[in-house]
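These figures come from a predicted structure and were not determined experimentally. Just so it is clear: chains get the letters A, B, ... in the order the sequence lines come, proteins before strands, and each one is counted from 1.
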Amino acid sequence: MGRERIAKRAAQELTDGMVVNLGIGIPSLIPNFLGDKRIFFQAENGVLGIGKSPMKGKEDANLCNAAGYPVTVVRGASYFDSATAFAMIRKGLIDVTVLGGLQVSEKGDLANWMVPGKRVPGVGGGMELAQKTKKVIVVMSHVNKHNEPKIVSACTLPLTARRCVDLIITDRAVIEVTDEGLLLTEVMAPYDVEEVVRYTAAPLRMAETLKRVE
Amino acid sequence: MGRERIAKRAAQELTDGMVVNLGIGIPSLIPNFLGDKRIFFQAENGVLGIGKSPMKGKEDANLCNAAGYPVTVVRGASYFDSATAFAMIRKGLIDVTVLGGLQVSEKGDLANWMVPGKRVPGVGGGMELAQKTKKVIVVMSHVNKHNEPKIVSACTLPLTARRCVDLIITDRAVIEVTDEGLLLTEVMAPYDVEEVVRYTAAPLRMAETLKRVE
Amino acid sequence: MIQNEYGKIISIEQAISYITDGCSLMVGGFGGVGSPPSLLQAIIEKGVGGLTLICNDTAFPHLGVGPLICEGRVKKAIVSHIGSNPVAGQRMRDGALDVEFCPQGVLVERIRAGGAGLGGILVDIGVDHEWFAAGKQVIEVNGKRFLLELPLTADVSIVYAKKADPFGNLIYDKSARNTNPLVAMAGTITIAEVEEIVPLGALDPEAIVTPGVFVHYIVQSNGVNWKWIWEENESPNGQHKN
Amino acid sequence: MIQNEYGKIISIEQAISYITDGCSLMVGGFGGVGSPPSLLQAIIEKGVGGLTLICNDTAFPHLGVGPLICEGRVKKAIVSHIGSNPVAGQRMRDGALDVEFCPQGVLVERIRAGGAGLGGILVDIGVDHEWFAAGKQVIEVNGKRFLLELPLTADVSIVYAKKADPFGNLIYDKSARNTNPLVAMAGTITIAEVEEIVPLGALDPEAIVTPGVFVHYIVQSNGVNWKWIWEENESPNGQHKN
């Protein structure tokens with residue numbers, strides 16, 4: 001439920017004609033909330049123009065997203081090799097990437113790939129996406145399962161990239177990362193500003209337009 | 001006439017199934033002497049599988065060799081970008097290149113791209129081809145227009161690549177570049193061994209199988 | 001009947017003879033999609049071990065390169081992640097598998113560099129990262145710092161393609177292309193497993209993705225012999241299910 | 001009627017507004033083959049000058065990028081050779097044109113590096129060459145010496161393609177592909193002049209060579225407005241006539 005709400009809010013950041021790369025997890029729910037916006041979804045395995053999931057029984061094992069699940073393509077799609085996929089990414093041609101997060105710092109540092117002492121999955125393509133995409137949106141729960149803030153003054157987990165995050169969307173708040181620090185722009189009901197501040201381990205400025213979202 | 005004879009002799013070095021890059025000038029005459037050998041000719045502008053010249057009136061301006069002249073392609077040909085063309089070259093996948101030469105040293109150094117004080121045409125793709133091709137054949141006149149040897153103990157002209165030449169074919173002789181220096185294997189009539197030696201400014205060993213070609 | 005005009009079409013058994021204990025093996029594919037199933041199965045059956053595996057990832061335990069990991073045939077893996085193969089993580093923690101992690105875009109570019117005969121590439125990915133920068137030369141260009149990343153090649157590259165002609169020209173199928181064209185360039189010997197071998201001239205020269213000069217041998221595939229994760233799990237619902 | 005769904009289809013006049021005095025201009029093509037004729041003519045007519053030109057070569061005096069050189073619009077050229085354009089040589093000797101020569105394979109790889117967001121590449125081409133190594137960093141890797149070659153990008157890249165769809169996906173025509181896909185990647189702004197604009201979905205996703213994300217603007221070509229050298233000279237006879 002919280003995941004869907006986060007995805008729905010993130011979907012509002014995407015506009016017609018954008019080229020977008022979605023991470024796994026919550027970001028993968030975003031296409032459900034785009035209406036008729038024409039977004040070109042890019043994937044690291046070499047597809048630009050990913051469409052809806054296929055109907056059951058219509059899956060093509062040779063047409064998958066970066067997570068290995070079957071997809072379809074839209075008109076104007078193209079296939080290419082993974083080096084070309086990352087050329088697009090490093091050249092800064094991806095408009096928006098939406099990634100999951102373990103920690104985000106007040107400077108916009110992102111940690112999203114490993115917890116020391118746990119299994120080491122490897123960083124995949126996250127470093128390139130986080131460092132090079134024009135706009136990086138992190139979607140995540142506001143606190144971890146120990147009820148600890150995931151938005152912190154400095155990340156303690158291994159970093160994915162420094163100063164890369166532009167916008168944080170959680171189940172409790174929308175926060176912009178600005179040169180002057182974190183700016184709280186939206187608070188999600190039933191949470192209130194006080195709760196958001198308490199569960200955020202970094203200074204938050206209040207936006208003039210701060211709004212509560214029901 | 002001498003040019004045709006050189007090209008004909010060079011053509012004997014090419015065998016079925018080889019991938020070959022031909023320089024401009026004398027090398028471009030070689031395809032006339034290949035009979036039914038199936039050679040895959042590669043060009044730096046991004047063609048593998050160049051065939052015969054088109055009939056007059058059948059030229060396609062978008063199908064040219066590296067010198068800008070119209071060609072055709074054989075069955076199994078492919079088009080690709082120039083970076084891929086040079087990937088093939090640098091990876092060492094070209095079996096033979098036949099290049100023109102201004103000077104070749106006894107160690108196999110090649111100078112073939114400029115005469116100081118004259119116009120500077122630029123090196124084109126010659127450095128990569130000379131340095132990276134499995135077998136480098138240089139075809140040239142035995143002496144320059146001042147009747148000076150072009151096969152020398154050390155090149156005085158700007159180098160294309162060092163220790164790259166495997167075989168030299170001139171209007172007067174065929175000479176292998178070996179670890180023990182230059183090995184004269186064929187002398188072309190009407191020249192004789194003595195004349196070849198006199199007009200070669202580097203030590204020549206005589207091959208046991210040295211033969212005179214009528 | 002396809003003419004074997006260039007002697008490149010061989011049996012899977014012949015192909016596997018090039019893959020020997022302790023060799024480096026580069027495998028095309030991404031999460032198992034686009035990996036050559038028949039060659040991988042033949043490697044398992046042959047029983048070679050001590051391999052250095054270079055691949056985008058370690059796939060899933062039962063598909064792609066996953067079984068090579070699970071059966072202990074791999075000594076070292078150079079990959080971008082092992083997240084989809086828990087056995088790889090377990091073997092790494094047990095000290096049975098040495099894993100070199102490389103950011104995904106850097107990994108594929110290192111493979112391309114190997115295939116293109118470059119001596120290395122400079123990237124600003126991970127340049128200040130305590131782990132990814134470790135042991136690498138830092139090169140400064142106009143005041144900006146870059147990591148020197150070295151090319152990757154392998155004794156044998158194996159790839160999966162849709163069609164080959166007898167010269168080894170390849171076309172791929174949709175996103176099963178992924179790392180295959182890069183891996184095809186980077187092998188000292190490159191073997192392509194293909195769904196279909198077509199006569200010389202049957203492929204459009206414009207559409208060929210891997211020119212045949214990069215391909216040394218071609219084998220006919222027996223098809224995918226594993227279940228995909230989305231076939232095992234419930235069918236995906238919604239869009240972009242992961 | 002083609003829908004201009006992404007606003008990328010513009011007039012030649014609009015396209016030329018991005019090319020201004022003193023800018024860097026990268027042009028696809030090889031000996032003029034595959035260079036965009038209508039854009040090049042419009043640049044000449046507009047009268048911009050002081051350009052830094054990055055191109056495989058300086059073509060021939062009357063075709064491709066040749067007229068830009070001959071009319072003195074280029075301050076500096078980064079090319080692999082000027083052998084087919086005597087005017088370029090003359091202007092270089094006169095001090096009116098600064099030419100940076102680069103081995104051809106290194107040049108195209110530098111352009112690709114620019115387009116792929118790399119910080120540089122290492123090559124062993126020309127590493128001990130008194131001219132080509134001059135002023136370049138030498139990097140040692142495992143005891144072997146390489147030149148560090150830097151990426152090339154440009155304010156504007158112009159390319160020539162056979163077909164584009166409204167998103168800017170491109171396919172090329174035979175050997176007119178040459179440097180175009182690389183140049184298309186390397187522009188801050190990339191403009192594609194195309195023989196034909198087709199509807200979205202009309203291009204086979206497998207056959208697209210340049211994905212549309214690399215292309216900012218598309219213009220309809222008026223076709224080649226020069227004579228090819230082989231049309232001017234006697235018709236080629238024999239094979240591989242040069």
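- Classification of the A:Phe40-D:Tyr6 ring pair by plane angle, with boundaries at 30° and 60°, yields perpendicular.
- Here the closest non-hydrogen pair linking A:Val19 and D:Val213 is CG2-CG2, 4.0 Å.
- When the candidates D:Gly115, D:Gly7, D:Ala116, D:Gly201 are compared by the number of heavy-atom contacts under 4.5 Å with chain A, D:Ala116 comes out ahead.
- Counting heavy atoms of neighbouring residues, nucleotides and ligands inside a 6.0 Å radius, atom NZ of D:Lys46 exceeds 12 of them.
- In A:Glu180, the CD atom is crowded: over 12 heavy atoms of neighbouring residues, nucleotides or ligands sit closer than 6.0 Å.
- The choice from D:Ile208, D:Leu200, D:Leu203 that makes the most heavy-atom pairs within less than 4.5 Å of chain A is D:Leu200.
- Neither the backbone nor the side chain of D:Ala202 comes within contact range of chain A; no heavy atom of the residue lies under 4.5 Å from a heavy atom of that chain.
- Taking CZ of D:Phe214 as the start and CG of A:Leu48 as the end, the distance is 9.0 Å to the nearest 0.5 Å.
- Distance check: D:His216 NE2 to A:Leu93 CG gives 6.0 Å after rounding to the nearest 0.5 Å.
- The side-chain heavy atoms of D:Asp204 and A:Tyr79, taken from C-beta on, include no pair separated by under 4.5 Å.
- By the 4.5 Å heavy-atom criterion applied to side chains, D:Phe167 and A:Val74 are not counted as neighbours.
- Separation of atoms CG (D:Leu170) and OG (A:Ser78) is listed at 10.0 Å; rounding is to 0.5 Å.
- Heavy-atom neighbours of D:Lys136 NZ from other residues, nucleotides or ligands within 6.0 Å: above the threshold of 12.
- In terms of modelled atom types and a separation under 3.5 Å, the side chain of D:Asn169 and the main chain of A:Ala77 share no donor-acceptor contact.
- Contact of the D:Glu5 side chain with the A:Arg38 side chain is registered, since non-hydrogen atoms from C-beta on lie closer than 4.5 Å.
- A distance of 7.5 Å separates OG1 in D:Thr153 from NZ in A:Lys91, rounded to the nearest 0.5 Å.
- Proximity of D:Leu118 to A:Arg90: side-chain heavy atoms (C-beta onward) are separated by under 4.5 Å at one or more points.
- Annotation for A:Arg212: atom CZ counts as buried by contact number, over 12 foreign heavy atoms lying within 6.0 Å.
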